[in-house]
Amino acid sequence: GAGRRFRDVVEKTPVNEPEKIQVRPAEKILIALMLQSKGIAQKGRNLIQLEHIYDERVRNIMEAIWDMASSEVVISAEKLLNQFDDQQICNLISEAVTDPALQDLPPQTAKRMAEDCISQLRQVWSERQVRELQRKLKEMEDQGLDEQTTELLREHQSSLREKESSAYRSGKGEDLNG
């Protein structure tokens, strides 16, 4: 009797439990690195678009860091934490900044790691776009709309790839010359 009831209780999580933040390792590392270095924060701001980030709350964290980076204050985890009362967001920030693997990195290493994380986020995002396109293509073919639509989506797909590589070259972000 009691055993079964206990399991029921465990399985029914309360409704008001906020959903867990979906954060990718790359995002977490980036949060930590951007909080350690204004240069990295500005680079992140230039190279990442919010749509590259899956979870709304992770976007909020990134935006808050970029705001700090653009006004001339010192970036700190403490200041960042003061901007949020969402417990999960605060936990995530704390986890990121206390990660032992990310403490006291030489600037070069930190910069390289940040660049890796950024390109990973962008890649995951463009792969998701491509998958989405392929799904649409398939749907359209199933509806017998192939010729012109397929053409259209193919163009879109190649422009995505183009955008992806050109964004890197141009460094995107005219407002920051620092």
Side-chain angles (χ1 to χ4, degrees), residues 18-77 79-84 86 88-97 99 102 105 107-137 139 149 152-178:
E19 219 173 284
K20 204 161 159 32
I21 297 182
Q22 306 259 319
V23 63
R24 302 195 189 96
E27 290 165 351
K28 206 166 173 178
I29 293 171
L30 211 46
I31 288 169
L33 295 176
M34 290 196 299
L35 282 169
Q36 287 173 26
S37 149
K38 201 165 192 168
I40 290 177
Q42 286 169 338
K43 196 183 198 76
R45 183 174 178 216
N46 284 342
L47 291 174
I48 300 172
Q49 283 153 20
L50 289 173
E51 70 218 39
H52 292 159
I53 293 157
Y54 179 71
D55 193 298
E56 177 81 32
R57 285 166 294 181
V58 181
R59 292 179 185 188
N60 295 343
I61 297 172
M62 297 272 188
E63 276 191 298
I65 295 175
W66 296 339
D67 287 349
M68 271 198 277
S70 61
S71 51
E72 286 310 299
V73 292
V74 178
I75 301 185
S76 78
K79 282 189 182 145
L80 185 62
L81 287 165
N82 289 338
Q83 296 182 37
F84 295 104
D86 180 325
Q88 295 216 26
I89 289 182
C90 294
N91 291 349
L92 172 59
I93 295 167
S94 307
E95 275 170 41
V97 295
D99 186 333
L102 301 173
L105 295 170
Q108 258 335 90
T109 311
K111 192 165 152 273
R112 239 196 348 266
M113 278 174 80
E115 283 164 0
D116 286 350
C117 290
I118 290 169
S119 63
Q120 204 180 336
L121 289 183
R122 295 165 62 103
Q123 196 184 339
V124 167
W125 177 80
S126 52
E127 280 166 10
R128 203 166 69 227
Q129 299 301 100
V130 169
R131 270 203 307 276
E132 195 54 26
L133 276 178
Q134 284 165 341
R135 195 179 56 76
K136 283 194 189 120
L137 263 175
E139 269 174 25
T149 347
L152 210 111
L153 283 174
R154 253 192 218 110
E155 280 170 27
H156 185 51
Q157 199 165 331
S158 59
S159 80
L160 254 178
R161 295 218 170 92
E162 182 46 42
K163 195 170 123 198
E164 195 50 31
S165 52
S166 66
Y168 260 131
R169 284 199 300 275
S170 67
K172 226 189 97 298
E174 318 61 58
D175 59 337
L176 280 179
N177 314 316

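- Proximity of Q49 to H52: side-chain heavy atoms (C-beta onward) are separated by under 4.5 Å at one or more points.
- Here the side chains of K28 and D99 are not in contact, with every heavy-atom distance at 4.5 Å or above.
- For E139, the side-chain contact (heavy atoms from CB on, under 4.5 Å) test picks out R135, with sequence neighbours left out.
- With a 6.0 Å radius and a threshold of 12 heavy atoms from other residues, nucleotides or ligands, Y54 has its OH atom at or below the threshold.
- Although no hydrogens or angles enter the test, the distance criterion places no donor-acceptor pair under 3.5 Å between the side chain of R24 and the main chain of L121.
- Between the side chain of S37 and the main chain of M34, no donor-acceptor pair closer than 3.5 Å is present.
- The minimum heavy-atom distance linking E51 with W125 is given by the pair O-CD1, 3.0 Å.
- When all heavy atoms are compared, the tightest approach of M113 to L105 is SD-CD1, 3.7 Å.
- Residues satisfying the side-chain contact (heavy atoms from CB on, under 4.5 Å) criterion with L81, sequence neighbours excluded, are C90, I93, S94.
- Here D55 pairs with I21, Q22, R57, V58 under the side-chain contact (heavy atoms from CB on, under 4.5 Å) rule; sequence neighbours left out.
- The CD1 atom of I65 sits 8.0 Å away from the CG atom of L30 when rounded to the nearest 0.5 Å.
- Under the 4.5 Å side-chain criterion, counting only non-hydrogen atoms from C-beta, W66 is in contact with L50.
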